[in-house]
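For reference, the structure is listed below as structure tokens.
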Amino acid sequence: MAITLGGNQYGKAEVRLVRVDRDGERHRVTDLNVSVALSGDLTGTHLTGDNSKVLPTDTQKNTVYAFARDGIGEVEEFGLRLGEHFVRSQPSIHRARVGFEQYSWDRIGDRPHSFSRNGSGTRTAVVTWSEDGVQVVSGLTGLTVMNTTDSEFWGYIKDGYTTLPETHDRILATAVDAKWRHHTHPADWAESFEQAKDDLLTAFAETHSLSLQQTLYAMGRRVLDKQPGIAEIRLALPNKHHFLVDLSPFGLDNPNEVFFAADRPYGLIEGTVRRDDLPEGDAVW
Ligand SMILES: O=c1[nH]c(=O)c2[nH]c(=O)[nH]c2[nH]1
């Protein structure tokens, strides 16, 4: 029985790339998940481990980030540039498949550098009814938001394990998970929900953030300020880290434009903002 190698391809899958175009005050965001798959003369590596015709997947990933430095444009154009590069520059590579998922972002209001991810966010509610009382907790989860500037993080503890550089201009992104307990019932639940959501978004966008903790408190505080019937709000904010890609090995600078959007691990900032003149309540959250 003769055995032979069939079809094959290889590449870096799911390269998470965020590019911020900062022409002036008004930023634009391109948020992509890019998957490269190359095929060609790759029998050697499969049959004998001869890698002389293998362009490493790590290099493919670097190429995606480096090409983003010049701008992305439409994903079809970006794909054409990348595909042509891989095939034209490497004699062993005969075909490049470059696949994209593009996540779209809406502006929060008409603000120049605050965005919420299109279609994100699920409304939640938990009602607890007992002979002793009724509690209503409203909320939302998975509302993904991003500020492309107006966020800093510095002045923290440094010990022997600290490597994080201080920053005065970073991307701040999170997926808001919020639950708020009603002390009195609003006249209109839908209106109350929309108001709370709007307050969360506005506070996120308008806070010049020195920490996500500070932003959390500002968000919770605004919801309570605007609705006296809400007794407390619990927020869980994952810090969706965006790391500036070091393009210097490729002779490129990176003036805060090309980012690696990491999905894990992430900082998780949790906190409650409450009225201290109201009883804690015994809601089921
Ligand atoms: O806003 C932040 N709060 C932190 O506690 C923290 N820790 C960290 O590494 N980055 C950040 N960012």
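Sequence positions, counted from 1, serve as the residue numbers for this chain. Basis for what follows: all heavy atoms, side chains included, without hydrogens, waters or symmetry-related copies. Start at 1 and go down the list; that is how both ligands and their atoms are numbered.
Below 4.0 Å from some heavy atom of L212 lie the following atoms of ligand 1, by number and element: 1 (O), 2 (C). Residue S211 approaches ligand 1 through these ligand atoms, each under 4.0 Å from one of its heavy atoms: 1 (O).
Checked by atom type, the side-chain pair D199/T202 shows no donor-acceptor distance below 3.5 Å. A side-chain N or O of Q227 and one of S192 form a donor-acceptor pair less than 3.5 Å apart. Between T215 and S209, the side chains place a donor N or O and an acceptor N or O closer than 3.5 Å (distance only, hydrogens not considered).
Contact annotation: for N239 versus ligand 1, heavy atoms closer than 4.0 Å belong to the side chain alone. Contacts with ligand 1 closer than 4.0 Å are made by side-chain heavy atoms of R170 only, the backbone lying farther away.
Heavy-atom contacts from other residues, nucleotides or ligands closer than 6.0 Å to CH2 of W189 number more than 12.
Between atom CD1 of residue I269 and atom CG of residue L235 there is a gap of 11.5 Å, rounded to the nearest 0.5 Å. Taken from CZ in R123 to NZ in K197, the straight-line distance is 10.0 Å, to the nearest 0.5 Å.
Q213 NE2, 2.9 Å is the protein heavy atom nearest to atom 5 (O) of ligand 1. Among all protein heavy atoms, the one lying closest to atom 9 (O) of ligand 1 is L164 CD2, 3.5 Å.
Nearest-heavy-atom check against atom 10 (N) of ligand 1 across Y156, W154, Y266, F153 picks out F153.
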